[in-house]
Structures are given as structure tokens and as C-alpha cells.
Amino acid sequence: MKRYNPQEIEAKWQEVWADGKTYEVSDKADRPKAYVCEMFPYPSGAGLHVGHVRNFMIVDAIARFYRQLGHNVMRPFGYDTFGLPAENYAIKTGLPPQETTLTNINHFREQFKRMGMGVDWSRETNTSDPEYYRWTQWIFARLYEKGLAYQAENFQWWCPHDKTVLANEQVEGGKCWRCGNEVEKKRMKQWFFKITAYADELLDEIDNLDWPEKIKTMQRNWIGRSEGAEIEFVVKNTTRKVRVFTTRPDTIFGATFMVLAPEHPLVSRLTNDKTRKAVGKYVTEAMRKTEVERQENKQKTGVFTGSYAINPATGEPIPIWVADYVLATYGEGAIMAVPAHDERDYEFAEKFKLPIKQVIRPLVTGEKNEDAIRRNVISAVVKRPSDGKFLFVKWHKFGWISPVIGGIDPGEAVEEAAVREVFEETGYRTRFIKKLGGEVEKYFFAENKGEWRHAISQPVLLELTEETPSAVSAAEKKIQEPVWLTHDEAMEQVTHPDNKIGLDRFTNGVKNYGLEGTMMNSGAFDGRQSSEVREDIVAWLEEQGVGKSKTTYRMRDWLISRQRYWGCPIPIAYDAAGKAHLIPDDQLPVLLPKITDYQPDDSGRSALAKDKKWLKVTIDGQEMTRETDTMDGYACSSWYLLRYCDPKNAKQAWDKQKVDYWSPVDFYVGGDHAVAHLLYVRFWCKFFADEGLLGFREPVKRLLYNGYINAPDGKKMSKSKGNVIDPLDIVDQGYGADALRVYELFIGPYELDAAWDPRGIGGVYRFLNRVWTVTQEYLAASSAKGGDPADLLKAQHSTAKRVTEDLHRNSFNTAIAALMEYVNELYKLKTSGFSPEWQEALETLVKLLAPFAPHIANELFEQLGHSESIEEAGWPKWDDSYLVASEVEVVVQVNGKLRAKFSVPADTAVDEDEIKKLALSQENVQNFVSGKQVVKTIYIAKNHLINIVVK
RNA sequence: GGGCGAGUGGCGGAACUGGUAUACGCGGUGGACUUAAAAUCCGCUGCCCAAAAGGCUUAUGGGUUCGAGUCCCAUCUCGCCCACCA
């Protein structure tokens, strides 16, 4: 008998697929299409490790599954080749990125082929190929014509190490995403793509995407739409105006000062002789600070400009300050500060002794209204650990606890029984008493002693039922009366030096519970609810011409300029006057010249600036100088999904018909780029649709976001940690690509991270070996006997069903488990020769296995006597009639606990009375039922489960 | 601080709409084959009890239900993302 030899059969089938161009597809097919691909990789010099390849295996399994289902499946591959790592490598070695990139691609392609990936290689795409980036430039031109590519001078993130500006998305925790060095702010003229023009659609359409919630939430947060108002404050004794954005126009009467960001253009004009020096110093220092330094020091700093603005609501002058807690890049770069109702403003006001004016009375303070009491107050019983006794308290969410009585004096320790008694007496119906974990520090006012107390307790929370008898609530109100504090009184208590509660707790209270409430100190608006008055205040300001509704986004425009060599050149040139001109379409591509000195410098221009010859260009007979910035690599990757549909087109970026046939992508698989790339592809797609270049507005129908495979120690695999596992090592150890593929999908759900277990692959290899062996035994025997065909058919059909359903919900690990069970079953049934049932059982096995382990599946399918491919043979169907068992096992529970099982013929299982009789006659059931009264029985025919309830 | 997600054996994990918890694999263990080992094959393997019977068990506490890993409330722990966004 021939042994399972992965090396041999894998080489054979990889050759068959390559020679036969098996996976090349065209858009001319009368089958339903399926477009499946992964986020294309950056081909690094290090090659792939077993962590990277999982998403390729997911894609390949899906692609093969849909091919077998009869779909016209496009499964392309490509390389994201522009970018910093290749250029840094060129600087280090002097080797041109054009060459190293091709070397790396060749390495990747080889690795990829040896995994047995079913790829349409005719669609291979490389973003640094002039035939590709020519169209990236063409897209830039279209964006430029529509005003969606523009230049602006601005403060930008600058990486001093890589000497380039970075997009917001590329700054991670104040550090460069590539080199990890701290970034700085630098004022530069840069190119932007106006993604904010599509902010609303990008946000609203998220709801309709079949994407993981996690990614959708991240995109929503990233776009960060805030509805509010834009309000103008006139600077006192001038005609100058400071514009602010606020989401809380209702608090305008409480705006007691203003704050500008250090970068705000008006700062220098608002200073006077006295303040100029201090403000200048503060601004310089703030600008010099790196983002990390600004984040580390959350202590409020700031300086007074010397100017005042007029609060348009009150007419009062309020001081204008400069502080770096206000961000230049959000809203108007200036705020109206309302210290009474904003934590950050409160902190600032406290530090610089600025006035605090309360304009909203939070519901919880002073409101003697039952609703408010119920919503904002939790009744609690504090249990003292030392003696297990209880203390009744009522907890204000302002961070301290005051006692509520109800028959027991505050501070009095009582037995648990007494606690229950009181609750019964007062009519509170307790739903539960529960222990909370850990100790809690509480401050409470001991009424009988007339002083504030501090306690460490283990609280036991007690929730009240909804209906509290009116007699009780009246009594409760009476008791509570002295405890309720107004906002001012509360603040007094809290800030009193003898009180240990501290400001933190109080401001937390304000933040969480003081934001909405009843208006006060707000003129005509007093007495109304803050949430209801917002629009009216905006309307009132608008009448005076000083405000209007406005929506602001957290997302900024996409900065695409890179002062680097190895990127797609921006197709722009400047005339003698410095005016920008598009390079005409017929002069595209703007080829990236081959140079020798790649080193960037502090000039703010890329190494391209050193190529004097390249710099010169003639447009319409006019001599001009080329733009030396290149585009962010994300620009190149924002449209490759479209190019895959028409990769060889030399006349246009793509043919609309072809793209409309294949797109949108049915399955897009990756484990990275949750916001950046996945937002940019959506943005460009919408733009192309508006230009009439596409017939759809969302490029990715379904997104599968896969988890990482980590090293056995649970850490990320990386070259520097030396814990990288090369997939080809696993293959060459003798396990083969099939075992590797099956293992990576079997290790756990695809969306979760998993740790590589070197022993796990052995189990999977054993499984494939058993698949091989059971088939060989069948083929080798000559006479026709074997297991009971009924058992065989049942196993075959139920496995087909399970695997199909699991694949439809991308549950690869359970699909493989089902196949393992099937093989174990085949082993038990023991074939020893040909029979039509066994032939079909094994063909089904091999077909179901093909998406995961295509080499062994194709080999065995051939050995089973087929010359056509597995794809042509199609996906196994199942017949539910084989799944119906002749006998079923009835499960008997008594009071929900399993007590007995017995078998009955399937047609008996529908007879409830009969089942009940049989259940009660079971010996072990009688042990639990006899002497007790059967209250009722519940029979669930679907699960053939009966539950007997006794008392 | 905010948002999202997750806690099930020694380990990775299974249980689709509430209905026999621990499928499948790893590891462990006993046996067969072998002079021996590897490979392979066949058992056993959540915990407590000598075994049977029984009891306990899906982070913790509670609720709803005939019945809860699954639904609800609270608490704890871990992970990821965002983070002075007005």
C-alpha cells in the first residue's frame, strides 16, 4: 500500500494547477460570480511567517468552496510595494527598490504557490509597476479637477527620523507607525484628499455593511460626527471675532472664559504689551512639545492673552486664554469654557481661579421628585465584614453615601434577619440581596452624630421593585429631606478641607450626572430642561447673527504628501509663479526616475529634488518644475480591488462593465487596517461612483477580520524576537502544505487570535494520514463487503450537511472537526472492498476536504477513478431522509436534572402520553419521583426530552 | 476616562434560534503490535467519592424559566481600539 507522501503529491498538483491555468477566470460566464481576496501584502524581505498566511488560507478555503458550489470565482493576488521599508532598505544597501521589490515578490510568489493557493495569476498586480501607478496618478488628476485633491499649509505630523510627514492614521500614540520615533509638528504645504466631503455618507452607510461590529464601531468613532453650534464671540473694544464650536450651546450663559489653541492664528493679535512676552513663550513651548509630552502631562497649563470677549448671551466680558488642552485641529481651534459643566474647563478654572457659574441644576440635587430619586439613587445595605452586620445607606451618585433609615437608626449595626424584616415592614419587595466583590470605600453623613464618616465596607446592593407603596415613599422623603443638597451646598461639602471626599469624586459626579437638568442663571430659559432648550438657544443666537447649527467631525482630511522617494509621484508641476498645474493625462505616467542617492533630508523635499533633469517638465510649451512629493502608499491600495477586475487594461484604469460584473468584493479578508485603508477604499469608491466610473458605492460587501497567530509563548511573531516560524519549514519537515492549511484553520475560530502549538500540527497530519489510509484500504481490497450501508449513509449525509453549513458561516474549525469525526466513523465501519456506498462515501469525504487540503483531496479523487477536477464534480449534496434515525434516545429530567435515558422507535417518540408513561417507569426516575407529587411534565419532541416537575 | 469584545477541563476550543455541557484536537494514561523504540491501532480521561449510586461544575453573586454556558441585572478579571475631539 502506498504511503501518504505530501511532498510528492503537493508538487504534482501544484504543477497541474500552474500548467493548466486552473484558476484563471473571465467575466464571460453564466454562473453566479464570487470575488474573494485578502488584503494584499507588503512583500517584505523577511518573507511570510505562519501568522501571516492564515488569512490566505481562509481566502483559499472560501474560494475553493464557492468554486465547488459552481460559482465563477475570482481569487486574485497582488503586492503593495511602495512604502518606507523598501526605501529604507535601499538607503542601507544601495540596492534600487525597483530590484529588491521584484526579488521579494518572487520569494512571496514561491511561498504562496507552495501553500497550494488557487490563484488567478494572470491578474497579479503590483502597485509600483508604472502600468499600475499611471492610473493612480490619473485618479489623482480626477480628484484634483473636482477640488478633492488640494494643497494647504498646515501644521503636520513630521517624523524626524524618516523625514516625512505622516497622516493622522499613521501616528500611533504620538509615535511614527514605521520607526517608532516621536513625531513633531511642522508647518508645511501639503497635499490632501478631501475625505471629509464624504464624511456623512461614510458614516451613515456603515449601518448597512456586513462587517464585524468591532470595525464598524472603530470607523464610526474615527469619523466622530458631533452635532452642535458655531458661535461668534466679539473681542471687546475691537471688531475681531473668535469663532468656537460647541456641542452644548445650552450652557452658553455659563461660559465664563474662552480658550484658544496655541496654534490659533488670532493668538498674537490678542496680546498686549503686558502679556505679549508670556504668551509668546507659552506658544513656542507648546509647539515644541511632542505629542507624547502633551499627552503625558495632563495638568492644565495656559496663559491669559490680555483680551476679553463679550459673551453674546450675557453681554458680560470674559477673559481669553491660550492653553494646549484645546486642539488646533478640531472644531475652530477655540472653545467657550463652561467650567461648571465640563470637567476639563472646571480643572482649568480651578487652577487659574477663574469664575465658575452654574447654569444647569442636575436632576439629582435638590429635586424632590420621585422619578429622580428612583433613577439616581441606589439603596444599599453595607455589610460589615468583622461581624457580618448591616448598615442601611442611601447612595448619592455624587460619590458619597448618606444613611437612609427606615426603622433602624443610621450607623446601627443589625442582624441580617432584621434587614429583611425592615424591608418587609416598609413594603419594599426585595428582588435580591447580593454580595459585591471587594471592599468599597465610602463617605457618609452620620446623622445622629452630625458628622461625616468614612468607612470601608463590603456593600450588599438591594434593588427596589418598581412599586413602592406611597406610605413608604412619603416616609422616605421625610427621612431624606435633610440629606438632599443643592449643587452649591454639595460643592461646599466636598471642597471643605476636613472632608476627604476630594474634588475628583465630585467632578466625576458632575460629569456623569450633572450634564443634563434644569436651566438656571440663563435668563429667559430658566426652569426648562437643558436637553430641550438647546435648539431654542441656537435659534436665539442666530437671530442676533452670532451663531448657527453646525456639524463637526473628528476625522480630518487625508494628508497624502510624502517627502520620500519610493512612492507614486504626484502628477503636478509648478510654473514660474509657483502655481500648480496638472500633468496632462497623455503625459502619464510620471515615471519614478532611477536615482542612486535615496537619502531624504530636512529640506522637506524628497530625494527626487536632487534629480535636476527629472525636475524639469514642459507643459503646453511652458517650462515647469515637478512636484517632488510622492503619494501615501494608502493611495495605491485604495483602488487595487478594482484593478484586479481588469488588470491588463492599457487604455483606462478599468473597464466599467468588468468591474461592475465582479464587484463589490464578496469576501475581503484581513486582520489589519480597520480605519485607514478600509475607510479610504470606501471613500474612493464613492467618488468613482459619483464620476460615473462605477455602478456601486460600497466596495466591500463582506469583511472577515481574522485574528493573529502568535508564537507559542503568546507573543507576536517578529524577526527581532526570533520567534518566527516559516511556513515552508513546516511543509518541508514532512507535514506538507495541506497539514499546515488544515491546522491553521482548525486551531480556533478564524476571528480570534491563537497561539501556535507545535504539537497541534501532528494531530492534523494524523488526520490526513487516516484519510489517506482509509482510501488506500478501500482501493486495495478486491471483494465487496464492508460496514452497514445505513450507518455509512447516515455518516456521509450528516457530515455533508454539517460541513456545508459550517462553511456558510465561516466556521472552519468545526467543519474540520466534523470531517475528523467522519473519518473516525469510517475507521469503525471498516471497509474491505468495493461497494457503491463506499465509493460515494469516500468521494464525499474528499470533496468536503478539498477547500482545506486541496492536494490530498485532488490526488485521492483521481485515485478513486476520476479524470475531471473536484471543482467540476461539484459540492456534495445531502438527503435529509438518511439523517432520520429509526430509534431515538429519550432523555428524562426530573426537576431539570438528567435522571435517565431510554431508546424508543422513532414513531413512538411523537406520542407524548406513551413517552411519559415510559419515562415514569424508569427505575432511576422512580427513585426521584416516588412519594412526591408530579406537578406537570413537559415534553419537547424536537429534542425528545421530557422534564418531570415534582414537588 | 470612553467604546467594543471575551471569560467553558491540564491546553486550543465545541454547543446554530434557551433543551443530554465539555464535540474535535492536543496532552496524559492503559493495552495491542514490536527483541526494543518510533509509527500505527484500540480503550480510558471535567471535579469529589474505593466503586456504584449520588453530588458539584461554563469567572462570581442574583433574577426570569419546567429547564440557563446561552436571556436579564450587578460585580470581578483579561484583551483590543480610542483617548484633553469642546
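Protein chains get the first letters and strands the later ones, always in sequence-line order, with residue 1 at the start of each. Here the structure is a predicted model, which means the values were calculated and not measured.
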**Q** For residues 894-904 of chain A, which residue pairs qualify under side chain to side chain donor-acceptor pair (under 3.5 Å), counting only residues two or more places apart or in two chains?
**A**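 Sorted pair list comes back empty.
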
**Q** If I pick the P atom on B:G62 and the same atom on B:A23, what distance separates them, to the nearest angstrom?
**A** 28 Å

**Q** Please give the distance between the C1' atoms of B:C16 and B:A52 as a whole number of Å.
**A** 37 Å

**Q** Can A:Arg554 and A:Asn221 be counted as having a side-chain donor-acceptor contact under 3.5 angstrom?
**A** no

**Q** Indicate the atoms forming the closest heavy-atom contact of A:Leu752 with A:Arg54, along with that distance.
**A**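 That closest heavy-atom pairing would be O-NH2, 2.7 Å.
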
**Q** Among the nucleotides B:A86, B:A23, B:C26, which one has an atom lying closest to any side-chain atom of A:Arg759?
**A**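 Selected nucleotide: B:C26.
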
**Q** Is there a side-chain contact between A:Tyr4 and A:Thr773, using heavy atoms and a 4.5 Å cut-off?
**A** no

**Q** Specify the separation, in whole Å, of atom NZ of A:Lys901 and atom P of B:G19.
**A** 16 Å

**Q** With A:Tyr743 as reference, evaluate A:Ile761, A:Val50, A:Ile816, A:Ile730 under the side-chain contact (heavy atoms from CB on, under 4.5 Å) test and give the passing residue.
**A**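 Exactly one option meets the side-chain contact (heavy atoms from CB on, under 4.5 Å) with A:Tyr743, and it is A:Ile761.
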
**Q** Could you work out the separation of B:U77 and B:C84 based on their P atoms and round it to a whole Å?
**A**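 Result for the P pair: 25 Å, nearest Å.
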
**Q** Can you sort out the partners of A:Val538 under side-chain contact (heavy atoms from CB on, under 4.5 Å), two or more places apart, ordered by chain and number?
**A** A:Ala229, A:Pro249, A:Ser549

**Q** Using a 4.0 Å heavy-atom cut-off, write out nucleotides 37-44 of chain B from 5' to 3' as B (base contacted by protein), S (sugar-phosphate only) or - (no contact).
**A** ---SSSS-

**Q** Between B:U65 and B:G28, how far is it from one P atom to the other, in whole Å?
**A** 48 Å

**Q** A:His264: what forms a ring pair (Phe, Tyr, Trp, His ring centres under 6.0 Å) with it, not counting sequence neighbours?
**A** none

**Q** Are there runs of at least three consecutive Watson-Crick or G-U pairs touching RNA chain B, with each pair's two distances under 3.5 angstrom? Give them by first number.
**A**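 So the stems come out as B:1-7 with B:76-82, B:10-12 with B:24-26, B:27-32 with B:40-45, B:46-48 with B:54-56, B:59-63 with B:71-75.
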
**Q** Roughly how far apart, to the nearest Å, are B:U45 and B:U22 at atom P?
**A** 12 Å

**Q** Quote, to the nearest angstrom, the C1' distance that separates B:U8 from B:U60.
**A** 15 Å

**Q** Could you work out, with side-chain contact (heavy atoms from CB on, under 4.5 Å) as the rule, every residue matching A:Ala261, not counting sequence neighbours?
**A** A:Glu263, A:Val326, A:Ala328

**Q** Pick the C1' atom in B:A6 and in B:G55, then give their distance to the nearest Å.
**A** 31 Å

**Q** Which heavy atom of A:Pro6 sits nearest to which heavy atom of A:Tyr765, and what is that distance?
**A**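 That would be CG-CE1, 4.0 Å.
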
**Q** On the side chain of A:Lys214, is there an atom forming a donor-acceptor pair with the base of B:C81 - under 3.5 Å, no angle test?
**A** no

**Q** Measure from CD on A:Glu889 to C1' on B:U20 and round the result to the nearest Å.
**A** 8 Å

**Q** Taking N or O atoms only and anything under 3.5 Å, show me the protein contacts with nucleotides 66-69 of chain B, one pair per line.
**A**
| unit_1 | atom_1 | unit_2 | atom_2 | d |
| --- | --- | --- | --- | --- |
| B:C66 | O2' | A:Asn947 | ND2 | 3.1 |
| B:C66 | O2 | A:Asn947 | ND2 | 2.7 |

**Q** Send over the distance from A:Ile223 CD1 to B:G3 P, rounded to a whole Å.
**A**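 One finds 19 Å between P of B:G3 and CD1 of A:Ile223, rounded.
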
**Q** Taking C-beta and beyond as the side chain, do A:Asn824 and A:Arg770 meet within less than 4.5 Å on heavy atoms?
**A**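 With C-beta onward as the side chain, the pair touches.
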
**Q** Please write out the pairs of protein N or O atoms and N or O atoms of nucleotides 53-58 of chain B separated by less than 3.5 Å, giving the distance to one decimal.
**A**
| unit_1 | atom_1 | unit_2 | atom_2 | d |
| --- | --- | --- | --- | --- |
| B:G54 | OP1 | A:Asn924 | OD1 | 3.2 |
| B:G54 | OP1 | A:Asn924 | ND2 | 2.9 |
| B:G55 | OP1 | A:Arg899 | NH1 | 3.1 |
| B:G55 | OP1 | A:Arg899 | NH2 | 2.9 |
| B:G55 | OP2 | A:Arg899 | NH1 | 2.8 |

**Q** Please state the C1' separation for the pair B:G46 and B:C11 - nearest whole angstrom.
**A** 13 Å

**Q** Just verifying a value: how many Å separate A:Asn810 CG and A:Ile58 CD1, rounded to the nearest 0.5 Å?
**A**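 Going from the CG atom of A:Asn810 to the CD1 atom of A:Ile58 covers 8.5 Å.
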
**Q** For A:Phe348, enumerate each residue passing the ring pair (Phe, Tyr, Trp, His ring centres under 6.0 Å) test, keeping only those at least two apart in sequence or located in another chain.
**A**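 For A:Phe348 the ring pair (Phe, Tyr, Trp, His ring centres under 6.0 Å) partners, ignoring immediate neighbours, are A:Phe257, A:Trp321, A:Tyr325, A:Phe352.
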
**Q** Rounded to whole Å, please give me the gap between NZ in A:Lys550 and C1' in B:A86.
**A** 13 Å

**Q** By the side chain to side chain donor-acceptor pair (under 3.5 Å) test, which pairs, at least two apart or in different chains, include something from residues 750-762 of chain A?
**A**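 Side chain to side chain donor-acceptor pair (under 3.5 Å) check on residues 750-762 of chain A returns no pairs.
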
**Q** Take the protein atom NZ of A:Lys801 and the nucleotide atom C1' of B:C16, then report the distance between them rounded to whole Å.
**A** 11 Å

**Q** Rounded to the Å, how far apart are A:Phe767 CZ and B:G25 C1'?
**A** 11 Å

**Q** Testing A:Gln219, A:Met555, A:Arg220 for side-chain contact (heavy atoms from CB on, under 4.5 Å) with A:Leu203, which one passes?
**A**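 Only one of A:Gln219, A:Met555, A:Arg220 forms a side-chain contact (heavy atoms from CB on, under 4.5 Å) with A:Leu203, namely A:Arg220.
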
**Q** Test of understanding: with salt bridge (charged side-chain N to carboxylate O under 4.0 Å, His left out), list the residues that count as partners of A:Arg802, not counting sequence neighbours.
**A** A:Glu821

**Q** Would you indicate what A:Gly331 reaches in the nucleic acid, counting non-hydrogen atoms under 4.0 angstrom: base, sugar-phosphate, or nothing?
**A**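 Result for A:Gly331 = nothing.
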
**Q** What N/O pairs connect the protein and nucleotides 11-14 of chain B at under 3.5 Å? Give each pair on its own line.
**A**
| unit_1 | atom_1 | unit_2 | atom_2 | d |
| --- | --- | --- | --- | --- |
| B:G12 | O2' | A:Ile747 | O | 2.6 |
| B:A14 | OP1 | A:Asn813 | ND2 | 3.3 |

**Q** Roughly how far apart are A:Leu354 CG and A:Asp345 CG, rounded to 0.5 Å?
**A**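 It comes to 10.0 Å.
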
**Q** Return yes when atom CD of A:Glu923 has more than 12 non-hydrogen atoms of other residues, nucleotides or ligands closer than 6.0 Å, and no otherwise.
**A** no

**Q** Measure from CG on A:Asn943 to P on B:A15 and round the result to the nearest Å.
**A** 16 Å

**Q** Let me know the distance between CG of A:Asn221 and C1' of B:G1, rounded to the nearest Å.
**A**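 Distance check: A:Asn221 CG to B:G1 C1' gives 14 Å.
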
